[in-house]
Amino acid sequence: MKLIDGKAVSDQVKKEIAAEVAKMLAEGKRAPHLAAVLVGHDGGSETYVANKIKACEVCGFKSSLIRYESDVTEEELLSCIDKLNNDDTVDGFIVQLPLPKHIDEQKIVEAIDYRKDVDGFHPVNVGRACIGLPSFLSATPAGILELIKRYEIPTAGKHVVIIGRSNIVGKPLANLLMRKDYPGNATVTVVHSYSTDIKEQCLKADIIVCALGRPHFLTADMVKEGATVIDVGTTRVPSTETKSGFKLTGDVKFDEVAPNCTFITPVPGGVGPMTIVSLMKNTLLAGSKAIY
Ligand code: GUN
């Protein structure tokens, strides 16, 4: 069994990005600039955004944090997006989700200029990615592809089972793994809450991607000997063992599944660190005006 070390890969990719930024500066260009819009004070969102800003520093990017209280109106937020869309000093920006209930998230996402949509959530980017055109890829699927690539895990002709059909993980990942490229050329099955044969499908899989957000869902009796298991779950489970009072828990019962695997990602330290790195890669693309 080989552990997929997402932390080590993410550190390496950040170094590679920093080297690209140094080259840009040497050529007289400016560093890429990422702006993050954060509404309210949700603990999870605060941590995610703080980590994104920290990663920008490591990569040599400029970053800006724009904060609003949770009673911000949709109009105010749309006006902020309009400003960022038209600000030539900002290459890319994100609006951290979830947003308060009185704000229409889809309307906010669609208001972002797709050329600055480094989250890859805008329908133009989703559609382009689906048919293999240059686009900003959504962070988690892109991070998973990067791990598969760096560990040289074969995908051509392999049977991949993805558990979960979300718009930001399951669906885009299924598309990417079927494209005519590496990583890709896989036979992909997506199972979800209405599937009646999840265990049977998983037992046929060479690669299982668990992205349903249910702690310890995938057990050893669902995994074929020698399979690769990618755990996207990061549920915050209350814990007395940590200072923060919670523990990030994956969708895989790691201790019993790991011994049967060829490769497996841990939680934390697997897919998680890669998602931020994917955002950094998208910001580098935005800074180079590679998506237009
Ligand atoms: N909330 C949870 N994950 C994400 C993400 O990748 N991007 C944004 N904007 N919000 C999130």
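Both ligands and their constituent atoms are indexed starting at 1 by order of listing. What's counted below: heavy atoms across the whole structure, side chains too, no hydrogens, waters or symmetry copies.
- For Asp197, the salt bridge (Lys or Arg N to Asp or Glu O under 4.0 Å) criterion is met by no residue, not counting sequence neighbours.
- Ion pair Arg67/Glu46 flagged as a salt bridge, since at least one NZ, NE, NH1 or NH2 atom sits closer than 4.0 Å to an Asp/Glu carboxylate oxygen.
- When heavy-atom distances to ligand 1 are checked against a 4.0 Å cut-off, Ile168 has no atom that comes that close, whether in backbone or side chain.
- Across the listed options Val109, Asp119, Thr275, Asp119 owns the non-hydrogen atom lying nearest to atom 7 (N) of ligand 1.
- Salt-bridge check for Asp11 with Lys15: failed, with every basic side-chain N at 4.0 Å or more from each acidic carboxylate O.
- Residue Leu97 touches ligand 1 through backbone and side chain together, judged by heavy-atom distances below 4.0 Å.
- On a distance-only criterion, Val95 and ligand 1 share at least one N/O pair closer than 3.5 Å.
- Every atom of ligand 1 with a heavy atom of Lys52 under 4.0 Å away is listed here by number and element: 5 (C), 7 (N).
- At a 4.0 Å heavy-atom cut-off, ligand 1 does not touch Tyr48 at all.
- If you look at Glu105 next to ligand 1, there are no close heavy atoms at all, none under 4.0 Å.
- The pair Glu20-Lys23 counts as a salt bridge, with a side-chain nitrogen and a carboxylate oxygen less than 4.0 angstrom apart.
- When hydrogens are left out, the protein atom nearest atom 11 (C) of ligand 1 is Gln96 NE2, 3.3 Å; that is the closest non-hydrogen contact.
- In summary, Asp206 and Lys224 engage in a salt bridge, as defined by a charged side-chain N under 4.0 Å from a carboxylate O.
- When the shell of 6.0 Å around CZ of Arg214 is examined, it contains 12 or fewer heavy atoms from other residues, nucleotides or ligands.
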